Participant: 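Quick one: structure below, then a few questions.
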Amino acid sequence: MTETIRFLMCSPDHYDVDYVINPWMEGNIHKSSQEKARQQWQQLYHVLKDRALVDLVPPEKGWPDMVFTANAGLVLEKTVVLSRFLHKERQGEEPYFKQWFEDNGFTVHELPKDLPFEGAGDALLDREGRWLWAGYGFRTELDSHPLIAKWLDIEVLSLRLIDERFYHLDTCFCPLSGGYLLYYPDAFDAYSNRLIELKIPEEKRIIVEEADAVNFACNAVNIGQVIVMNKISDDLQYKLASKGFEVVQTPLTEFLKAGGAAKCLTLRTTEPLIPDHHANVTIESRILQLEGHLLDAGIMNKALDVVVGNGGSFKVLNFTLGIERQSTSSAEVRVSAPSHEVMEEIMVQLIDLGAAARPQEICDVNTAVVAQDGVAPDDFYVSTIYPTEVRVNCEWVRVENQRMDAAIVVTESPEGKTAKCTLLRDLKAGDRVMVGVEGIRTIRQAESREQRNSTQEFTFMGAGVSSERRVELTVEQIAWEMRQIRDQGGKVVVTAGPVVIHTGGAQHLSRLIRDGYVHALLGGNAIAVHDMEQAIMGTSLGVDMQKGIPVRGGHRHHLKIINLIRRHGSIAKAVSAGVLTKGVMYECVKNNVPFSLAGSIRDDGPLPDTEMDLIKSQEEYSRLIQGADMILMLSSMLHSIGVGNMTPAGVKMVCVDINPAVVTKLSDRGSVESVGIVTDVGLFLSLLTQQLDKLTRPLVETV
Ligand code: ARG
């Protein structure tokens, strides 16, 4: 049997570490010993010669890595796919290897110029011949895999490498006879690991620990039951022995300095074809269109990063650059992904960037019918805050009630087509819901240059980066917009936490409500309780708001207040009874500003006005947010996140919190309209009212 196995090697006459194209070469330039390299290579050569035939390709001066013949190409039977090296440092090897293959009767396939593929370094046949494992991520481009599948007529399973120390598949992955696999899982992304686990049963997977992996234990040559490799740990040796393998260790330290070992130094040139296995690629490709300020707004970069970052690959088919400042660009990009699952993940993110499949390609909407009330079909599309359109019967239909984390229900009737964001709990059996990623596009507003250049986050009282003037500028801007909104009959919604009261903001917020700047207030039990505690007893959570010190027995105050309001039946009734005469809640009642208090597990009381049914309070919040132009989120993380989830893009959100993490969390929703301000909320409100006073003073004088 062994006579029929042949390997190709290349003597290390010109071998050296001359340049750095992988992490192993770093710090090793000219550090390998010529003499020792020759000895180690000879030893490997003899180990193989005892068990197989070894052919030699003449070494070429100036191409030091030519010893690594695994990278010559990928052989199956008498066909070879020649390598297209990524780095110019190795591209010069290509013609010599090509020559050798032609001289030895192989049919040579060559990939297009800019499609890197590094041969058997990145493509390993299952030893049972069932399929080809093909790596990508560093040296080989995913798009080369379908061509290989076609030329060799074999099923290709793509694996993505993510640790640059293991830049070639054969550095961390070695299929063995009997269906075994020796590999280092951490070198692969999660999808690839899943694929490996799907194809190779657990008892056949031999996992290599990092210590052995970095000694190139996986870079092994397997001939029947023999495995030839560099030095490995006793543990691994026992593991392999227990599976019936004989390990032959041969030192290859000098080649490790260039990032290669036993397997890299050889190319198996007898790889028999298994007759009933045929080409089958799971790789999916599709063509997408992108339009907008692709370059100025950085959309193109982001889109391509999304593709590569998720394990896909791309080819820009055409790009039309808008040449005036205001003109938009458009691009067509072919995106490939190793599986349908990865493609969907990429698509979902690209849709958020405004990409869409060519509309002529999708006519039938991609929907599935809800089978059970309150439960969406598996593959349902999860909505985002961006204005979205879906394709219903060959037409784009705008989605209503845009919000994030909902399903999109479409209807078609003689009156017309509709699409609507619908919460899971509101789905009804029989509803048609958008699934997958076909026929969905979002409309992204272009961000202005100014918005893009600023970090969108202002820090006041924050350590180090504090810039009072910047906060003032932002507050000026917000005041200006609030005045505009008020005067044009628009809507400002405030979400506020109890900190507004503790920091002395009650009087300012009360002013804003009284002066008509606030059109709905969203909060919880606590803000109302502490506001009324302050209004009636002068303390907030037992702290005297004038003197700033705790009052004896003050911790009981808020319960007294709750009790008082409960006696009256509601906040409004307490106002009519003349019990509550000032403060935030008082102003809401007096000025007919609707409010909604959402309950939570920690609530004392609660107040009669607090809605303890969360589904109802979500509905109330969402009703009050309808039509908002601006939402001020004042020191309340939970309520603000809740509000953020219900709010479509396009509504300006101003998030104020002393904790930068909260501000980032809230303003980092991708919405270009969000502004985050890190500051004391009481201070912010004080600045805001001052600024509004300034803006309205001339008007008041003329009255
Ligand atoms: N220095 C060579 C390179 O970076 C090493 C190649 C190792 N070959 C392999 N099949 N892993 O390309």
Side-chain angles (χ1 to χ4, degrees), residues 22-24 70 118 120-128 130-142 145 155-222 227-245 247 249 256 259-264 282-283 308-313 337-342 345-346:
N22 69 48
W24 306 96
E118 299 204 347
D122 260 336
L124 300 166
L125 285 151
D126 168 54
R127 295 269 31 104
E128 309 291 291
R130 295 168 292 183
W131 52 69
L132 178 77
W133 296 103
Y136 72 103
F138 294 106
R139 298 294 185 86
T140 292
E141 192 60 45
L142 181 64
H145 295 181
E155 173 171 8
V156 172
L157 302 176
S158 304
L159 299 177
R160 180 180 175 215
L161 300 164
I162 53 167
D163 179 336
E164 61 172 350
R165 294 173 302 171
F166 305 101
Y167 58 96
H168 275 144
L169 184 63
D170 68 359
T171 59
C172 50
F173 191 91
C174 182
L176 301 172
S177 339
Y180 283 99
L181 171 68
L182 180 71
Y183 78 121
Y184 175 59
D186 284 355
F188 299 92
D189 75 355
Y191 280 109
S192 306
N193 269 302
R194 247 193 7 244
L195 180 62
I196 295 169
E197 288 161 20
L198 207 74
K199 289 286 178 179
I200 311 284
E202 195 174 352
E203 67 280 8
K204 299 265 175 172
R205 285 180 241 139
I206 308 170
I207 294 191
V208 173
E209 302 294 331
E210 188 175 10
D212 277 316
V214 297
N215 274 315
F216 278 65
C218 300
N219 199 248
V221 182
N222 175 219
I227 309 178
V228 183
M229 50 169 69
N230 183 44
K231 290 257 168 279
I232 54 164
S233 68
D234 290 347
D235 273 5
L236 183 56
Q237 164 137 14
Y238 293 141
K239 238 198 238 176
L240 287 166
S242 74
K243 309 274 183 197
F245 290 101
V247 176
Q249 301 186 38
L256 252 54
K263 163 67 173 59
C264 304
T282 50
I283 297 174
V308 176
N310 282 287
S313 118
S339 66
H340 182 66
E341 217 179 342
V342 177
E345 186 53 47
I346 292 176

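Quick caveat: nothing in here was measured; it's all calculated off a predicted structure.
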Participant: How far does CG of Leu181 sit from CD of Glu197, to the nearest 0.5 angstrom?
Facilitator: 10.5 Å
Participant: Could you walk me through whether Arg194 and Leu198 pass the side chain to side chain contact (heavy atoms under 4.5 Å, CB included) test, one step at a time?
Facilitator: CA-CA 6 Å; Arg194 247 193 7 244; Leu198 207 74; over 6 Å; no
Participant: Please check this pair: side chain of Asp126 against backbone of Leu132, looking for a donor-acceptor N/O pair closer than 3.5 Å.
Facilitator: no
Participant: Can you find a heavy atom in the side chain of Met229 that is under 4.5 Å from one in the side chain of Val221?
Facilitator: no
Participant: If you take all heavy atoms of Asp170 and Leu124, which pair is closest and at what distance?
Facilitator: CA-CD1, 4.0 Å
Participant: Stepwise, does the side chain to side chain contact (heavy atoms under 4.5 Å, CB included) test hold for Thr171 with Leu161?
Facilitator: CA-CA 10 Å; Thr171 59; Leu161 300 164; 5.8 Å; no
Participant: Give a yes or no on whether the backbone of Gly135 and the side-chain of His145 come within a donor-acceptor separation of less than 3.5 Å.
Facilitator: yes
Participant: When you measure from the side chain of Tyr136 to the backbone of Gly311, do you find a donor-acceptor pair of N or O atoms at a distance under 3.5 Å?
Facilitator: yes
Participant: Using a 4.5 Å cut-off on heavy atoms from C-beta on, say whether the side chain of Phe166 contacts that of Val214.
Facilitator: yes
Participant: I'd like to know if the side chain of Asn22 reaches the main chain of Glu164, judged simply by a donor and an acceptor atom lying under 3.5 Å from each other, with no hydrogens or angles considered.
Facilitator: no
Participant: Would a 4.5 Å heavy-atom cut-off, applied to side chains only, mark Pro175 and Leu125 as touching?
Facilitator: no
Participant: My understanding is that only residues two or more places apart in sequence, or in another chain, count here; which of them pass side-chain hydrogen bond (donor to acceptor under 3.5 Å, both in side chains) with Ser192?
Facilitator: Asp189
Participant: Do other residues, nucleotides or ligands put more than 12 heavy atoms under 6.0 Å from the CD atom of Glu203?
Facilitator: yes
Participant: Can any side-chain N or O of Tyr167 pair as donor or acceptor with the backbone N or O of Gly259 at less than 3.5 Å?
Facilitator: yes
Participant: Can a donor-acceptor pair be found, under 3.5 Å and without considering hydrogens, that links the side chain of Asn222 to the backbone of Ile227?
Facilitator: no
Participant: For the ring pair Phe173 and Tyr184, is the centre-to-centre distance below 6.0 Å?
Facilitator: no
Participant: For residues 194-218, pull every pair meeting ring pair (Phe, Tyr, Trp, His ring centres under 6.0 Å), keeping only residues two or more places apart or in separate chains.
Facilitator: Trp24-Phe216
Participant: Could you check whether Tyr180 and Phe245 have their ring centres less than 6.0 Å apart?
Facilitator: yes
Participant: Distance only, no hydrogens: is a donor on one side chain within 3.5 Å (strictly under) of an acceptor on the other, for Thr140 and Glu118?
Facilitator: no
Participant: When you measure from the side chain of Asn219 to the backbone N and O of Lys263, does any donor-acceptor pair fall under 3.5 Å?
Facilitator: yes
Participant: Mind checking what makes side-chain hydrogen bond (donor to acceptor under 3.5 Å, both in side chains) contact with Asn215, not counting sequence neighbours?
Facilitator: none
Participant: How long is the gap from CG on Leu182 to CG on Leu236, to the nearest 0.5 Å?
Facilitator: 6.0 Å
Participant: What distance do Cys172 atom SG and Tyr183 atom OH have between them, rounded to the nearest 0.5 Å?
Facilitator: 11.0 Å
Participant: Kindly indicate, with the supporting measurements, whether the criterion side chain to side chain contact (heavy atoms under 4.5 Å, CB included) is fulfilled by Ile232 and Gln249.
Facilitator: CA-CA 7 Å; Ile232 54 164; Gln249 301 186 38; 3.7 Å; yes
Participant: Can you confirm whether Ile283 sits close enough to Ser158 that some side-chain heavy atom of one is under 4.5 Å from a side-chain heavy atom of the other?
Facilitator: yes
Participant: If you round to the nearest 0.5 Å, how far is CZ of Phe138 from CG of Leu169?
Facilitator: 12.0 Å
Participant: For the OG atom of Ser177 and the CD atom of Glu128, what is their distance to the nearest 0.5 Å?
Facilitator: 7.5 Å
Participant: Which pair of heavy atoms, one from Asp186 and one from Asp163, lies closest together, and at what distance?
Facilitator: O-CB, 4.5 Å
Participant: Working to the nearest 0.5 angstrom, can you tell me the gap between Arg160 CZ and Ser339 OG?
Facilitator: 11.5 Å
